[in-house]
Amino acid sequence: MTEESTRSAAERPPLRPPAGPTDTAGGGRTRPGLCSVTFRRLPAAEVARRAADAGLEVIEWGADVHAPAGEPGTVRAVREISDRYGLVCCSYGSYFRATPAELAAFPAVARAAVLLGAPRVRVWAGGTGSRSALPDERHETVRCLREAARIAADHGLELAPEFHGQTLTDTVASTVRLLDEVGADNVRTYWQPPQDTPDEQALAGLVELGDRVTAVHVFSWWPGNNRLPLADRGDLWTAALGLLAGRGVEALLEFVPGDDTAVLAREAETLRRAAGQTSSIST
């Protein structure tokens with residue numbers, strides 16, 4: 001699910017050292033972070049400042065507003081902003097759909113990810129749900145993902161489709177099948193609780209995906225897309241992040257209630273508790 005300059009020198013905060021190369025894998029620890037699309041109406045510097053102030057460690061920059069692939073100057077500036085606030089760019093939210101119509105644009109996406117310092121590109125697995133896709137359409141999506149994975153590998157990148165409705169990763173079974181069909185070592189998947197799915201069923205799907213999960217989009221929706229505080233589904237997230245513990249995944253907050261920046265610190269604290277981590281915010 002996905003919905004998206006700099007200050008004057010006098011307004012800028014003191015430089016915080018960015019995480020070094022050995023920190024990018026998190027040492028097997030779940031790293032809490034933010035999808036920039038959560039606050040897509042804010043400038044990138046403000047998003048980064050608020051994420052850092054909330055004690056988050058990583059960020060997924062979105063291509064739709066903050067880091068467009070066709071604007072390398074903007075992408076470089078966003079990388080500098082991440083470094084300034086001590087945030088690691090864990091992924092590039094590209095909005096690339098694995099279809100023949102978009103495949104030619106993927107090299108620019110990969111280059112933008114490299115400029116950001118992101119090790120992973122988030123993509124969408126086509127434009128049709130698994131129950132509606134005809135065999136030829138599924139074949140084309142697999143082919144495009146395989147080619148995108150090859151280009152990503154040439155740039156030292158991982159590729160990961162979002163676990164998203166109206167794509168071929170809209171169910172666990174279709175996601176597993178798709179990853180097997182693509183057959184690339186640098187392709188894994190995101191996970192998020194499917195809409196209106198009870199906790200037990202959602203967690204069973206996460207178990208089935210196993211170590212193929214590279215990151216999760218974290219939110220608390222129920223029923224439908226009604227946005228609740230993360231704590232309202234705290235049991236789900238404590239269990240989910242417990243299943244993922246030790247795998248070095250990123251847990252990325254997405255779509256907080258009311259798109260309200262004032263609740264970010266609270267949601268980040270809930271996320272850290274669910275991941276079994278103590279607060280990094282001084283009180």
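What you see is a predicted model; the values in this text were computed from it and never measured.
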Q: So among Leu230, Leu34, Val218, which one has a side-chain contact (heavy atoms from CB on, under 4.5 Å) with Glu267?
A: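 Among the candidates, only Leu230 passes.
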
Q: Using modelled atom types and a 3.5 Å cut-off, is there a donor and acceptor pairing between side-chain atoms of Tyr85 and backbone atoms of Val47?
A: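 Not at all, since once roles are kept as given, no pair shorter than 3.5 Å links the two residues.
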
Q: Above 12 or not: heavy atoms from other molecules or residues under 6.0 Å from CG of Asp185?
A: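 Not more than 12 within 6.0 Å, no.
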
Q: Heavy-atom distance under 4.5 Å between the side chains of Glu60 and Glu250, does that happen here?
A: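 Not touching, per the 4.5 Å side-chain cut-off.
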
Q: Give a yes or no on whether a salt bridge exists between Asp199 and Arg233, defined as a side-chain N under 4.0 angstrom from a carboxylate O.
A: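 Arg233 and Asp199: salt-bridged.
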
Q: Does one side chain, of Glu158 or Thr214, offer a donor that lies under 3.5 Å from an acceptor on the other?
A: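 Glu158 vs Thr214: donor-acceptor pair found between side chains.
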
Q: Are Pro229 and Ser220 close enough that some pair of their side-chain heavy atoms sits under 4.5 Å apart?
A: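 No - every pair of side-chain heavy atoms lies 4.5 Å or more apart.
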
Q: I would like to know whether Arg97 and Thr167 meet side chain to side chain donor-acceptor pair (under 3.5 Å); could you show each step before the answer?
A: CA-CA 9 Å; Arg97 285 187 184 271; Thr167 72; over 6 Å; no

Q: Of all the heavy-atom pairs spanning Arg272 and Gly55, show the shortest one and how long it is.
A: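 Result for this residue pair: NH1-O, 3.5 Å.
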
Q: Just by modelled atom types, is the Val182 backbone N or O under 3.5 Å from a matching donor or acceptor in the Arg146 side chain?
A: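 The answer is yes, because a donor-acceptor pair under 3.5 Å joins these two groups.
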
Q: Do Leu145 and Leu168 have side chains that get closer than 4.5 Å, going by heavy atoms?
A: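 Heavy-atom side-chain distance check fails, nothing below 4.5 Å.
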
Q: Charged N to carboxylate O below 4.0 Å: is that the case for Arg150 and Glu147?
A: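 Here Arg150 pairs with Glu147 in a salt bridge, since their nearest N and O are under 4.0 Å apart.
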
Q: Do the side chains of Glu162 and Thr169 get nearer than 4.5 Å, heavy atoms only?
A: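 No - every pair of side-chain heavy atoms lies 4.5 Å or more apart.
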
Q: Is a side-chain N or O of Tyr190 found less than 3.5 angstrom from the main chain of His164, in a donor-acceptor match?
A: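 It does not hold such a pair.
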
Q: Same cluster or not: are Trp222 and Leu236 linked, directly or through other Ile, Leu, Val, Met, Phe, Trp or Tyr residues, by side-chain heavy atoms under 4.5 angstrom apart?
A: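 Trp222 does not cluster with Leu236.
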
Q: What are the two closest heavy atoms between Thr30 and Ala251, and how far apart are they?
A: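 Taking Thr30 first and Ala251 second, the nearest heavy atoms are CG2-CB, 3.9 Å.
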
Q: Could you check whether Glu80 pairs with Arg84 (Lys NZ or Arg NE/NH1/NH2 to Asp/Glu carboxylate O, under 4.0 Å)?
A: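 Salt bridge between Glu80 and Arg84, a charged N being under 4.0 Å from a carboxylate O: no.
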
Q: Any donor-acceptor pair under 3.5 Å linking the side chain of Thr141 with the backbone of Ala125?
A: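 A pair under 3.5 Å: no.
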
Q: In terms of ring plane angle, is the pair Trp61 and His66 parallel, tilted or perpendicular, where the classes change at 30° and 60°?
A: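 Geometry flag for His66 against Trp61: perpendicular rings.
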
Q: Could you walk me through whether Ile151 and Leu159 pass the side chain to side chain contact (heavy atoms under 4.5 Å, CB included) test, one step at a time?
A: CA-CA 10 Å; Ile151 295 168; Leu159 201 68; over 6 Å; no

Q: Would Glu269 and Arg266 count as a salt bridge (Lys or Arg N to Asp or Glu O under 4.0 Å) here? Give the steps.
A: CA-CA 5 Å; Glu269 180 63 26; Arg266 179 196 72 195; over 6 Å; no

Q: For Ala239 and Leu203, which heavy atoms make the closest approach, and how far apart are they?
A: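 Of all heavy-atom pairs spanning Ala239 and Leu203, the closest is CB-CD1, 3.7 Å.
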
Q: Is the backbone of Phe255 close enough, under 3.5 Å, to the side chain of Thr38 for a donor and an acceptor to pair up by distance?
A: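 Checked: pair present.
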
Q: Please check if the side chain of Ser36 supplies one atom and the backbone of Gly62 the other of a donor-acceptor pair under 3.5 Å.
A: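 Side chain of Ser36 to backbone of Gly62, a donor-acceptor pair under 3.5 Å: yes, one is there.
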
Q: What I want to find out is whether Arg227 reaches Asp260 closely enough, with some N-O distance under 4.0 Å, to be called a salt bridge.
A: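 Result for this pair is no, no salt bridge flagged.
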
Q: Would you check if Arg122 and Tyr95 make a side-chain contact, meaning some heavy-atom pair closer than 4.5 Å?
A: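 Answer yes - side chains close enough.
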
Q: Heavy-atom count around Asp196 CG within 6.0 Å, excluding the residue itself: above 12?
A: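 Correct, the count exceeds 12.
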
Q: If you define the side chain from C-beta out and look only at heavy atoms, does anything of Thr270 sit under 4.5 Å from Trp237?
A: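 Side-chain contact under 4.5 Å: no.
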
Q: Does a sphere of radius 6.0 Å around CG in Asp136 hold more than 12 heavy atoms from other residues, nucleotides or ligands, not counting ones at 6.0 Å or beyond?
A: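 Incorrect, the count does not exceed 12.
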
Q: Identify the heavy atoms of Pro161 and Val187 that sit nearest to each other, and give their distance.
A: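 Nearest pair, atom of Pro161 first, then Val187: CD-CG1, 4.2 Å.
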
Q: Hey, does the side chain of Glu57 reach the backbone of Val88 with a donor-acceptor pair shorter than 3.5 angstrom?
A: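 Between the backbone of Val88 and the side chain of Glu57 there is no qualifying donor-acceptor contact (under 3.5 Å).
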
Q: Establish whether Val142 and Leu134 are linked, either directly or via other cluster members, by ILVMFWY side-chain heavy-atom contacts under 4.5 Å.
A: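 Cluster IDs for Val142 and Leu134 differ.
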
Q: Are Asn186 and Leu157 close enough that some pair of their side-chain heavy atoms sits under 4.5 Å apart?
A: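 They are not in contact (no side-chain heavy atoms under 4.5 Å apart), so the answer is no.
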
Q: Hey, which of Ile81, Asp83, Val75 is the one that makes side-chain contact (heavy atoms from CB on, under 4.5 Å) with Arg79?
A: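 Exactly one candidate clears the test, Asp83.
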
Q: Less than 4.5 Å apart, side chain to side chain, heavy atoms only: is that true for Leu178 and Arg138?
A: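 In short, these two side chains touch, coming nearer than 4.5 Å.
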
Q: Looking only at non-hydrogen atoms, find the nearest pair between Ala148 and Leu103 and report the distance.
A: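 Of all heavy-atom pairs spanning Ala148 and Leu103, the closest is N-CD1, 4.3 Å.
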
Q: Do any N or O atoms from the side chain of Thr189 and from the backbone of Arg212 form a donor-acceptor pair under 3.5 angstrom?
A: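 Between the backbone of Arg212 and the side chain of Thr189 there is no qualifying donor-acceptor contact (under 3.5 Å).
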
Q: What heavy-atom pair brings Ser130 and Asp170 nearest, and what distance separates the two atoms?
A: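 For Ser130 versus Asp170, the nearest heavy atoms are OG-OD1, 2.6 Å.
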
